[in-house]
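A note on names: the letters A, B, ... follow the listed sequences, proteins ahead of strands, and every chain is numbered from 1.
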2 protein chains.
Amino acid sequence: MGTRERRAREFQQREEQMLDLATDLLLEQGRDAITMERLAEKSEYAKGTLYKHFSCREDLLCALTTRRMAEISMLLQRARQYPGGSRARLLATLIAYEYYAHSHPEEFRLLIALVSGPLSDRASPEHWHKLEQAQEQLFQVLRELFGEAREAGDLPELPMDPDPLSFGLWSLVFGSYVLGNADPALCRRAGIASLESQLHGMMHVVLDGAGWHPLSHECDYAAVIEDIHAFVRTQLPETAQPEAP
Amino acid sequence: MGTRERRAREFQQREEQMLDLATDLLLEQGRDAITMERLAEKSEYAKGTLYKHFSCREDLLCALTTRRMAEISMLLQRARQYPGGSRARLLATLIAYEYYAHSHPEEFRLLIALVSGPLSDRASPEHWHKLEQAQEQLFQVLRELFGEAREAGDLPELPMDPDPLSFGLWSLVFGSYVLGNADPALCRRAGIASLESQLHGMMHVVLDGAGWHPLSHECDYAAVIEDIHAFVRTQLPETAQPEAP
DNA sequence: TCATTTTATGACGCAACGTCACAGTCTAGG
DNA sequence: CCTAGACTGTGACGTTGCGTCATAAAATGA
């Protein structure tokens with residue numbers, strides 16, 4: 001008899017619902033509104049039931065973060081399809097990331113606060129593991145782009161291993177958002193008009209430094225970026241709207 | 001008569017004491033122990049008195065963060081004195097930063113969690129302003145290094161404005177620590193033995209990309225870094241120990 | 001139908017936040 | 001030296017949110 005399976009499936013579905021509702025809560029009332037109490041009320045389940053799914057508040061937040069990361073992963077996967085050279089495709093993923101940050105400001109702000117925060121200590125092993133997987137999947141996109149670039153011969157003289165370099169790129173992007181978000185005034189003082197243009201500039205520097213061809217003086221990347229924007233805008237928007245499947 | 005001034009001074013001193021005690025709390029019992037209740041108890045003042053100094057918990061944390069940043073600023077200022085070329089001096093500040101992160105793990109972890117968190121919304125304007133100043137002062141170190149490099153002719157063909165580039169460098173370092181801290185497993189999977197070597201590698205890439213001479217193939221930076229380590233270890237340790245004046 | 005297992009509940013205890021009316025202390029002018 | 005008034009310190013209080021657990025309800029299947 002499939003009773004157990006059915007139960008497990010329903011349980012999973014309910015968990016997804018809970019996460020949907022938590023996101024609603026975030027969008028309607030801000031991040032402070034994501035409490036076990038309010039989610040219980042909103043979901044019309046009792047608190048005890050909530051705790052069947054999430055071992056503690058951080059566990060819920062961990063699951064929420066996993067969701068956001070998965071959404072971003074999907075976005076990057078599609079952005080990677082941009083028809084262009086390997087370096088242009090890398091830029092496309094960056095721009096898709098920016099696109100997400102821009103079109104989901106609340107979710108993104110929460111994401112960066114949570115990733116930098118103390119989730120790992122308190123989340124349940126299960127949800128934490130899923131978060132790590134999601135993170136790995138995101139990282140995988142960069143890894144693959146490096147692989148493709150090497151195969152295509154666009155990375156003839158890599159000065160360091162590709163994985164640490166990927167990690168560095170990601171750190172740069174993520175760190176910029178963290179700092180830019182933490183203190184917009186600092187950005188202003190640093191003469192940064194927009195984090196996007198800032199990141200594009202840094203990308204040129206880093207990718208040139210890594211010898212990723214075509215180098216910025218060999219190609220009109222301003223035009224490429226313009227084109228990628230059009231691509232992202234036209235090809236990706238539906239993924240950017242979080243929806244249940 | 002100077003009654004007012006004396007009072008104000010005593011008030012300031014007490015605030016410093018409170019921050020000392022909050023740091024003790026952090027080191028003794030972890031970051032969760034930094035609560036208004038416990039700090040009140042530890043300081044032997046009532047809660048109400050605490051709230052004369054800090055408008056809310058975040059305000060206290062903001063002030064704590066400012067302290068840490070000021071400590072780091074001092075450290076970087078001194079590291080900048082490293083006798084070497086402009087690029088070596090920049091590396092020296094980076095290594096001093098790493099040194100701080102390494103020798104004050106708890107404080108540093110708290111710092112990154114707080115900077116990425118929601119302090120700006122809730123801290124009082126006064127303490128927030130001080131934090132911004134501390135951040136600016138830190139940033140200033142980078143700014144000046146760029147200025148010196150340009151004067152020395154080590155940066156002949158800067159591909160972007162120095163301030164955004166400084167911001168980018170800082171983002172890279174900070175972001176690496178945030179991510180490395182959030183998920184050490186990811187680092188392991190990315191083949192990163194230590195964040196330090198990782199950052200040194202990235203620095204070579206970025207600074208080469210920015211055309212900061214001598215380029216990494218023009219100079220034995222491994223030896224330079226070794227020498228800087230010795231310099232930092234011998235010249236800077238006392239600043240690294242937080243002490244009341 | 002009913003015994004058993006599984007699931008849902010929400011009152012409860014606890015910790016921490018931030019407030020405020022009051023009590024205590026200090027100052028300055030007489 | 002005294003006292004009115006200003007300033008400072010206090011901690012009980014109300015509130016919110018976390019996480020638990022004994023108990024009630026529902027589902028299962030024999």
Side-chain angles (χ1 to χ4, degrees), chain A residues 1-15 17-18 21-22 25-26 28-64 110 114 117-119 121-127, chain B residues 1-15 17-18 21-22 25-26 28-64 110 114 117-119 121-127:
Chain A
M1 70 213 58
T3 309
R4 284 202 88 72
E5 285 75 13
R6 200 203 70 225
R7 284 263 175 95
R9 207 172 50 243
E10 286 172 357
F11 190 81
Q12 266 310 314
Q13 283 173 4
R14 194 171 55 183
E15 189 156 317
Q17 278 176 30
M18 300 261 195
L21 291 171
L25 230 31
L26 171 69
E28 288 160 15
Q29 307 180 48
R31 54 174 171 282
D32 293 344
I34 307 180
T35 70
M36 300 307 259
E37 317 272 339
R38 296 205 209 193
L39 183 54
E41 192 188 8
K42 182 141 192 151
S43 67
E44 298 182 301
Y45 283 99
K47 239 179 358 154
T49 309
L50 223 54
Y51 278 92
K52 290 277 197 294
H53 291 275
F54 308 106
S55 66
C56 62
R57 180 168 190 264
E58 279 69 28
D59 201 37
L60 167 67
L61 295 174
C62 177
L64 255 188
L110 184 64
L114 292 180
L119 284 189
D121 304 350
R122 295 192 255 243
S124 67
E126 297 80 46
H127 282 131
Chain B
M1 71 210 55
T3 310
R4 285 203 87 72
E5 285 74 13
R6 199 203 72 226
R7 285 263 174 93
R9 207 172 50 242
E10 286 172 357
F11 191 81
Q12 265 312 314
Q13 284 174 3
R14 195 171 55 183
E15 190 155 319
Q17 278 176 30
M18 301 264 193
L21 292 171
L25 230 31
L26 170 70
E28 289 160 13
Q29 308 182 48
R31 55 174 171 281
D32 293 345
I34 306 179
T35 70
M36 300 306 260
E37 317 271 339
R38 297 205 209 191
L39 183 53
E41 191 188 8
K42 181 141 193 153
S43 67
E44 299 182 301
Y45 282 99
K47 236 172 9 144
T49 309
L50 221 53
Y51 278 93
K52 290 277 199 293
H53 290 275
F54 308 105
S55 66
C56 62
R57 181 168 189 265
E58 279 70 27
D59 201 38
L60 166 68
L61 295 174
C62 177
L64 255 189
L110 183 64
L114 291 180
L119 284 189
D121 304 350
R122 295 192 255 244
S124 67
E126 298 79 47
H127 282 130

Length of the [atom1]-[atom2] vector between [X] and [N], whole Å:
X: B/M36; N: D/dT16; atom1: CE; atom2: C1'; result: 17 Å
X: A/E37; N: D/dT15; atom1: CD; atom2: C1'; result: 12 Å
X: B/D59; N: C/dG18; atom1: CG; atom2: P; result: 10 Å
X: A/D32; N: D/dT16; atom1: CG; atom2: C1'; result: 12 Å
X: A/E41; N: D/dG17; atom1: CD; atom2: P; result: 10 Å
X: B/E10; N: D/dG9; atom1: CD; atom2: C1'; result: 14 Å
X: A/I34; N: D/dC18; atom1: CD1; atom2: C1'; result: 16 Å
X: A/H53; N: D/dT20; atom1: NE2; atom2: P; result: 16 Å

Going by an N to O cut-off under 4.0 Å, is there a salt bridge joining B/R6 and B/E10?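 Judged by the 4.0 Å cut-off on N to carboxylate O distance, B/R6 and B/E10 do form a salt bridge.
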Check ion pair A/E28-A/K42 (N to O, under 4.0 angstrom): yes
Checking B/Q17 now: which residues fulfil side chain to side chain contact (heavy atoms under 4.5 Å, CB included) with it, not counting sequence neighbours? none
Distance below 4.0 Å between B/R38 side-chain N/O and C/dA16 OP1 or OP2: yes
Which atoms form the tightest heavy-atom contact between A/L110 and A/I34, and what is the distance? CD2-CD1, 3.9 Å
With a 4.0 Å cut-off on heavy atoms, is B/R6 in touch with a base, just the backbone sugar-phosphate, or nothing at all?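 Sugar-phosphate, no base atom in range.
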May I have all residue pairs that pass salt bridge (charged side-chain N to carboxylate O under 4.0 Å, His left out) and include part of residues 50-59 of chain A, sequence neighbours excluded?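 The answer is A/E58-A/R122.
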Nucleotide by nucleotide, nucleotides 7-12 of chain C touches protein heavy atoms under 4.0 Å in the pattern (B base, S sugar-phosphate only, - none) SBBB--
Could you check whether atom CD of B/Q29 has more than 12 heavy atoms from other residues, nucleotides or ligands sitting under 6.0 Å from it?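 Above 12, so yes.
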